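To keep things clear, I will list the structure first and then write my remarks on it.
Counting convention: from 1, in listed order, for ligands and their atoms alike. Everything numeric here is computed off the predicted structure, so don't read it as measured data. The first residue in the sequence is number 1, and the count goes up from there.
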Amino acid sequence: MPVASPSPKMIELNTNLLAVLGIAPQWFDSDAGLATLSGNGDYAQPPIAMAYAAHQFGHWVPLLGDGRAHMLGQIADTTVGSIDVQLKGSGRTRFSRNGDGLATLGSVLREYIVSEAMAGLGIPSTRALAVIGTGKKVMREEVFPGALLVRTARSHIRVGSFQFAATSQGEDGVKALAEFVIAHYFPELTDRQEKYLELLEVVIDRQASLVAQWMLVGFIHGVMNTDNMSIVGETIDYGPCAFMDEFHPEKVFSSIDRNGRYAWGQQPSIALWNLAQFAGTLMPFIHPDANEAETLVKSRLDNFAPQFRHAFNTGMRRKLCIDDSVSSEEISNLSETTLGAMTESQIDFTVFFDLLTRTAAGESSASLLQLFKDDGKGEAWLALWQSLRSDNPDIIKGMREANPAIIARNHRVEEAIEAAVKHRDFSPFHRLCKALADPYNVDPADTKLQTPPSQTERVTQTFCGT
Ligand code: AMP
Ligand code: MG
C-alpha cells in the first residue's frame, strides 16, 4: 500500500492533461481526490507495484520492480482505451531493496518539467498529472521536502517486464504477458497468424521512431536500461536525462554513465540491444523450430537500423528545409556535414536550427554565420545548404514544427527546481512549463528561457534523484 502523507498538499495539477483526457478537475481539487493521490485513500481496489527484471548498464538484474511507485488503476479513454495512473514516490514496496520508496520535490518537479516538455514537442511520453507535497522529509545528501508525482502512461509494461516473465514464469508467463499486451495495446494483431512476430515488428518500429525523435531535438535519455524501455514506445523514466545545449554526438549528462554507454549518438544501438533482449523472450512463439525463429527474429532486428535512419533523415529533411527532389543519400551527407560542423564549432543545437528556420524564412543569415568558429567554414556550409534547400513556402513553414525555439535547458530546469525547493517560489516552474507547452512560439517576455547557459550557468551533470 502507498505510505500515508502527513500533510498532503496539491502543488500542481495539470489541467491541460485533464482536458486532453476529458476529465473535469473538480475531484482532483477535493479532499477525497487529494487523499487518494497522496497515499491517504481507502483504496477499495489495492494499488499494485509491478515486478520487472532488467539489464542495467548491460548487467543482468533478475528482480527489480516498482520500488517507489504504486499503480492506482486505469482511466477509461475513448481514443486509446485506457490510461494507467501511477503514484511515484509513494513509499516502500516489496521491490524497494534498500531504498526508502520516496521522492524528493526536486526530482518530481524535474520529471514534471521534462516529461511535459516532451509532450509539448509531440514526442510520445508518459505524462505528469500532478505534483503533491507529502509533508515528509526525505533524506538524501541532505534533507529535502518529499513529494509524489502522479504519472499517467499508456502502459507501464517494459522490456524488463518480458524479461521478468521469461525468467520467473518461463514460456507460459511470456505468452500470457504477450497476449495481454496484444489485447490491450495492439488489438489489431489479435487474429493475425504471426502475431508474436508482428508484435516484435511494431515494438521495433515504435522504438526506431521514438529514438529518432529524441535525437532530432537533442535529447539524451540517460538510463536506457531495459526496465526503462516501454513496450508501447513512450518515453519513460526521466532520471538523469537532458536536452543538450552545444552539440556533440558523444554528449552524456548522467552522473552514473561513466563510459558514455547512453550518449546521444549511442541511443540507436542501445535501443537495438534492448530490443534484442525483448525478441529473445518471444522466440519460442515465433517459430517452433529454434533456427527458423532465430532467422525470423534476426531479420526483424536487422530492420531497426534502416528504420531508424529513415525516421532520422526524414526529420533532418524537415529541420533543414529540404524537399523530396534531394535524394536520401544527399540528405544523409548534408546531415553529417551539418552535425560535424556543429561539433567542431560547439554550436548550440536548438539555436542553430532556430536561426536556420529564420534564415529560410528570409531573415539575414548573419547571426547563423556567427555561430561558426571559422568564417570560411560558415560560408561554405551556408553555400552548400543554399544549393540544396527548398523554396517551397509549405516546406519553409513546416520547418518551424521541426525546430523548437525553446527546450527544457538544464540550467533553467535547475533554476526552477531550486526556486521551488529552497524558496518555495514556484513562479519559475510555472513559467517554464507554460513556455514548454508551446515550444514553437516563444513569448517575447520568455526569451531568457531560450538562451543557452553562460559559462557560470552551465549544468554538466544530471542525477537520477533517487
Ligand atoms: P531507475 O534507475 O530510476 O529506473 O530505478 C531503478 C530501480 O530502483 C527501480 O526499480 C526503482 O523503483 C528503484 N528505486 C529508485 N529509487 C528508489 C527509492 N528511493 N526507493 C526504492 N526504490 C527505488
Ligand atoms: Mg526506471
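Judged by distance alone, the side chains of T226 and N274 never bring a donor and an acceptor atom under 3.5 Å apart. Q213 and S209 are linked by a side-chain donor-acceptor pair at a separation below 3.5 angstrom, with hydrogens and angles left out of the test. No hydrogens or angles considered: a donor-acceptor pair under 3.5 Å links the side chains of Y238 and S125.
Annotation for ligand 1: atoms under 4.0 Å from non-hydrogen atoms of L102 are 19 (N). Less than 4.0 angstrom separates some heavy atom of D227 from each of these atoms of ligand 1: 4 (O). Atoms of ligand 1 lying under 4.0 Å from at least one heavy atom of G99, given by number and element, are 20 (N), 21 (C). Close contacts between ligand 1 and Q56 involve ligand atoms 6 (C) [criterion: under 4.0 Å to a heavy atom]. For ligand 1, the atoms closer than 4.0 angstrom to any heavy atom of G101 are 18 (C), 19 (N), 20 (N), 21 (C).
Look at N225 and the Mg ion (ligand 2): no N/O/S atom of the residue is under 2.8 Å from the metal. Distances from the Mg ion (ligand 2) show that D227 has no N/O/S atom below 2.8 Å.
Ligand 1 is approached by R97 to a heavy-atom distance shorter than 4.0 Å. At least one heavy atom of R140 lies less than 4.0 angstrom from ligand 1. Heavy atoms of G239 come nearer than 4.0 angstrom to ligand 1 in no pair at all.
The shortest N or O to N or O distance between F95 and ligand 1 is not under 3.5 Å. Below 3.5 Å of separation, one finds an N or O of R68 facing an N or O of ligand 1. Considering backbone and side-chain N/O atoms, N228 comes within less than 3.5 Å of an N/O atom of ligand 1. Checked against a 3.5 angstrom limit, the closest N/O atoms of G65 and ligand 1 fall inside it.
Note on E415 versus R409: no salt bridge recorded, every NZ/NE/NH1/NH2 to OD/OE distance being 4.0 Å or above.
If you look at R92 next to ligand 1, there are no close heavy atoms at all, none under 4.0 Å. Contacts between Y52 and ligand 1 below 4.0 angstrom, taking non-hydrogen atoms only, involve the side chain exclusively.
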Does the pair K448 and R412 meet the rule for a side chain to side chain contact (heavy atoms under 4.5 Å, CB included), with working shown?
-> CA-CA 9 Å; K448 186 187 122 183; R412 294 297 171 222; 3.6 Å; yes
Evaluation steps, salt bridge (Lys or Arg N to Asp or Glu O under 4.0 Å), between K251 and D245 | CA-CA 10 Å; K251 186 82 89 189; D245 298 302; over 6 Å; no
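Within the model, atoms CZ of R192 and CZ of F186 stand 13.0 Å from one another, a figure rounded to the nearest 0.5 Å. In this structure, CG in L189 is found 10.5 Å from CD in E179, a value given to the nearest 0.5 Å.
By the 30° and 60° cut-offs, the orientation of the rings of F285 relative to Y196 is tilted.
Using a 4.5 Å heavy-atom threshold, the side chains of I407 and P439 count as separate.
Comparing N225, V223, D100 against atom 19 (N) of ligand 1, the shortest heavy-atom distance belongs to D100.
Looking at D237 and the Mg ion (ligand 2) together, the shortest N, O or S contact belongs to OD2.
The six-membered or imidazole ring of F57 lies near that of Y262, with a centre-to-centre distance under 6.0 Å.
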